[in-house]
Number of protein chains: 2
Amino acid sequence: MKLPPLTALHYFTSAATHLSFSQAALELHVSEGAISRQMKLLAEYYGKALFQKSGRGIILTSKGSLLLSVALPALEDVAVVSAQLQAASTQLTINVTTSFAIRWLLPKLASFERLYPQIEVQLQASSSAESTRGKSFDVQINYQLQSSGAAKKHRRKLLDERLLAVCAPSYLLEGNIINLSQLHSKKLLLNELTGRDWRLWSELLNLTPLPIERALKFEQDDVAIQTAVAGLGVALANTAYIERELRMGSLVPATSQQAIVVGAHYVNVDPIAASSMAVQAFVDWLFSEVEND
Amino acid sequence: MKLPPLTALHYFTSAATHLSFSQAALELHVSEGAISRQMKLLAEYYGKALFQKSGRGIILTSKGSLLLSVALPALEDVAVVSAQLQAASTQLTINVTTSFAIRWLLPKLASFERLYPQIEVQLQASSSAESTRGKSFDVQINYQLQSSGAAKKHRRKLLDERLLAVCAPSYLLEGNIINLSQLHSKKLLLNELTGRDWRLWSELLNLTPLPIERALKFEQDDVAIQTAVAGLGVALANTAYIERELRMGSLVPATSQQAIVVGAHYVNVDPIAASSMAVQAFVDWLFSEVEND
DNA sequence: GCTATCTCTTTACAAAAACTCAAGTATAGC
DNA sequence: GCTATACTTGAGTTTTTGTAAAGAGATAGC
């Protein structure tokens with residue numbers, strides 16, 4: 001299938017329907033010269049004049065009308081489905097870590113669905129990278145330690161991971177916060193089997209190694225947090241995950257140490273999906289939720 | 001009318017019908033990478049994947065098939081008229097000087113029409129530039145003094161203007177050719193009212209001015225040549241115009257001076273018409289005729 | 001299970017196409 | 001003749017597109 005220069009053909013349909021290069025230039029947001037050049041290109045491609053000067057303006061030659069009669073409906077058809085394809089962005093696939101889903105996204109997601117009832121959200125919460133292998137998501141939110149580099153087009157920092165040692169008020173002896181050196185004697189609640197967060201946190205504070213092996217270990221932040229609320233020990237939690245508990249007093253800072261930034265959650269948008277309305281709406285909503293916090 | 005990137009759409013129809021980027025690359029004579037990039041571009045334009053990997057190959061997504069179902073027929077329609085427009089090159093408009101037409105082109109034109117009976121030649125012979133003002137011709141052959149520059153794409157030298165002083169054999173006294181210094185006493189035949197050629201010629205030879213005012217003046221080369229054949233004087237003719245007469249002996253060199261190049265005939269092809277089959281055939285024929293001389 | 005192979009993707013760079021501004025040409029109407 | 005309108009063209013710049021080569025994912029055959 002041999003096709004003429006298609007951009008030239010597009011310009012041609014505009015110039016031919018207006019019978020004016022300058023009008024076409026206006027419509028297509030390019031200079032008059034651009035139209036003139038493309039029309040010349042097309043005429044040379046065919047070896048025939050498509051337009052003819054008529055006084056001040058132009059008229060179509062017979063070849064020109066023949067071409068227009070086919071090219072215009074053809075391109076209009078394309079424009080119609082194109083518009084459909086661009087508009088039909090009602091599905092949205094999202095991948096996040098389980099903890100982020102439970103403690104942050106799910107509680108807020110109802111507000112998004114209220115705003116955009118027509119968008120069908122498919123959420124996959126996964127703790128490991130394995131379960132997402134081979135699959136592709138419009139939006140993915142993941143956690144990374146180092147805040148590497150500036151925000152890129154398809155990767156933006158959503159919120160910092162600010163770790164704070166917390167416990168139930170009842171866990172504090174006579175309401176006194178725990179001295180950092182006393183932490184060794186407390187029951188630590190691990191939100192990861194490896195105790196990575198506690199280890200990282202204590203290293204950043206230059207504490208002597210904490211008794212990780214004696215801690216209670218959970219697979220998810222949520223369970224560790226619930227256990228802390230129950231007054232069974234000290235958890236190290238992302239402040240963004242325990243906003244409500246802090247506000248309501250069911251959790252309080254266990255020590256005088258303020259929250260430490262150890263990493264961040266990043267939003268990754270699939271470049272293919274980036275121009276979709278649904279994706280843009282969701283990402284905008286995400287960041288507005290962060291701002292409202 | 002908002003259209004997607006049309007080249008990408010073209011590549012898409014090929015990739016989608018073959019369900020293979022590499023096949024499409026072969027068909028379109030570009031690299032695989034080019035296809036891949038254009039397909040990515042198109043997917044990002046729509047915000048949706050058009051293809052999906054399926055094992056070793058690819059399959060269309062639902063969006064992809066929708067797009068293909070419209071884009072393919074649309075582009076095929078365009079391809080069909082395009083082919084029609086390119087093929088329909090049966091008309092050919094030519095503009096030449098009257099003398100060139102009478103003495104060179106017309107006698108040979110029959111051979112062209114025998115070769116390409118389907119091509120409809122419209123010849124306009126004009127002596128002045130005024131009659132061609134505002135009109136456009138596929139091919140124009142004109143005369144110019146200085147051979148300025150090399151052959152350009154749309155302007156090629158057809159043949160040199162080689163001026164030779166000739167007369168009928170009977171005009172020579174006792175068969176002796178005329179000495180250049182004796183030309184003053186001969187009857188000169190001017191092929192232009194101004195006598196420009198004789199003047200130019202005598203200047204190039206450093207002759208004392210010739211008695212232009214006593215000469216017989218004609219408007220066209222042809223008449224001057226016919227008059228020379230009739231034995232009424234000495235004409236200065238383009239050798240290409242009097243080939244037959246020289247061969248048959250009805251005209252002979254009047255002096256010992258060989259033909260002098262004073263200019264040339266150039267073929268100008270309208271850039272718009274240059275790609276037309278008819279124009280290409282005609283120009284090729286023109287140059288082959290020159291070579292045969 | 002390992003390797004060879006097929007196919008799409010990506011990166012860095014090169015080539016080509018398209019665009020713009022501004023000056024140029026042509027026509028129409030006062 | 002002068003001015004306003006429109007298309008054209010030249011020169012330079014920007015943008016797009018293409019290429020080559022290395023890479024990554026997946027299958028098929030040994």
Side-chain angles (χ1 to χ4, degrees), chain A residues 3-12 14-45 49-61 64 129-130 132-136 152-155 270-272, chain B residues 3-12 14-45 49-61 64 129-130 132-136 152-155 270-272:
Chain A
L3 290 171
L6 291 172
T7 309
L9 197 68
H10 177 198
Y11 286 14
F12 169 77
S14 178
T17 48
H18 291 110
L19 285 179
S20 157
F21 286 14
S22 31
Q23 284 292 103
L26 242 53
E27 179 177 271
L28 299 165
H29 307 294
V30 292
S31 65
E32 288 186 23
I35 306 287
S36 178
R37 283 194 144 72
Q38 291 295 311
M39 292 308 97
K40 190 181 173 195
L41 179 77
L42 198 61
E44 288 177 5
Y45 173 82
L50 268 11
F51 294 103
Q52 200 177 307
K53 288 187 192 157
S54 165
R56 182 174 295 197
I58 50 173
I59 54 174
L60 282 167
T61 62
E130 287 138 42
T132 67
R133 222 166 25 87
K135 293 174 190 160
S136 93
K152 275 175 284 186
K153 190 162 186 189
H154 297 302
R155 183 167 180 280
D270 182 344
I272 288 181
Chain B
L3 290 171
L6 291 173
T7 309
L9 197 69
H10 177 198
Y11 286 14
F12 169 77
S14 179
T17 49
H18 290 110
L19 285 179
S20 157
F21 286 14
S22 32
Q23 284 292 102
L26 242 54
E27 179 179 271
L28 299 165
H29 306 294
V30 293
S31 64
E32 287 185 24
I35 306 286
S36 180
R37 278 146 123 299
Q38 291 294 314
M39 291 310 95
K40 191 181 172 194
L41 179 77
L42 199 62
E44 288 177 6
Y45 173 82
L50 269 11
F51 294 104
Q52 199 178 308
K53 288 190 192 156
S54 165
R56 182 173 294 198
I58 49 171
I59 55 175
L60 281 168
T61 62
E130 286 137 44
T132 66
R133 223 166 25 88
K135 292 172 190 161
S136 93
K152 274 175 286 185
K153 189 162 186 190
H154 298 301
R155 183 166 178 280
D270 181 345
I272 288 181

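Within every chain, numbering begins at 1; the chains are lettered A, B, ... in the order of the sequence lines, protein sequences first and strands thereafter.
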Closest approach to the side chain of [X], judged atom by atom: which nucleotide of [options] is it?
X        : options                  : value
Val30(A) : dT8(D), dC19(C), dT19(D) : dC19(C)
Lys53(B) : dT9(C), dG18(D), dT20(C) : dT9(C)
Tyr11(B) : dT20(C), dG18(D), dT8(D) : dG18(D)
Ser36(B) : dC19(C), dT10(C), dC7(D) : dT10(C)

Kindly say if [X] contacts the phosphate of [N], meaning a side-chain N or O under 4.0 Å from OP1 or OP2.
X        : N       : value
Lys40(A) : dT9(D)  : yes
Ser20(B) : dT7(C)  : no
Gln38(A) : dA17(C) : no

Using only modelled atom types and a 3.5 angstrom limit, is any donor from either the side chain of Arg56(A) or the base of dT27(C) paired with an acceptor on the other?
no
For [X], which contact category applies under a 4.0 Å heavy-atom criterion: base, sugar-phosphate, or nothing?
X        : answer
Ile35(A) : nothing
Gly33(B) : base
Leu41(A) : sugar-phosphate
Ser31(A) : base

Is a side-chain N or O of Ser54(B) found less than 3.5 angstrom from the main chain of Gly57(B), in a donor-acceptor match?
no
May I have the distance from [X] (atom [atom1]) to [N] (atom [atom2]), rounded to whole angstrom?
X         : N       : atom1 : atom2 : answer
Glu32(A)  : dC19(C) : CD    : C1'   : 14 Å
Leu19(B)  : dC8(C)  : CG    : C1'   : 14 Å
Leu26(B)  : dC6(C)  : CG    : C1'   : 14 Å
Met39(B)  : dT17(D) : CE    : P     : 11 Å
Leu6(A)   : dT17(D) : CG    : C1'   : 14 Å
Gln52(B)  : dG25(D) : CD    : P     : 17 Å
Phe21(B)  : dT10(C) : CZ    : P     : 11 Å
Ile272(B) : dC7(D)  : CD1   : C1'   : 12 Å

Atom of [X], atom of [Y] and distance for their closest heavy-atom approach:
X        : Y        : answer
Thr61(B) : Ala49(B) : OG1-O, 2.9 Å
Ile35(A) : Leu28(A) : CD1-CD1, 3.8 Å
Ala15(A) : Met39(A) : CB-SD, 4.4 Å
Ser22(B) : Glu32(B) : CB-OE2, 3.5 Å

Any Phe12(A) side-chain heavy atom under 4.5 Å of Leu60(A) side chain:
yes
For the aromatic rings, using the six-membered ring if either is Trp, is the centroid distance between Phe51(B) and Phe21(B) under 6.0 Å?
yes
Which protein N or O atoms sit under 3.5 Å from an N or O of nucleotides 12-15 of chain D?
none

When you match Gly55(A) and His29(A) each to their closest nucleotide on DNA chain C, which lands nearer the 5' end?
His29(A)
Are side-chain N/O atoms of Glu27(A) and Ser14(A) paired as donor and acceptor at under 3.5 Å?
yes
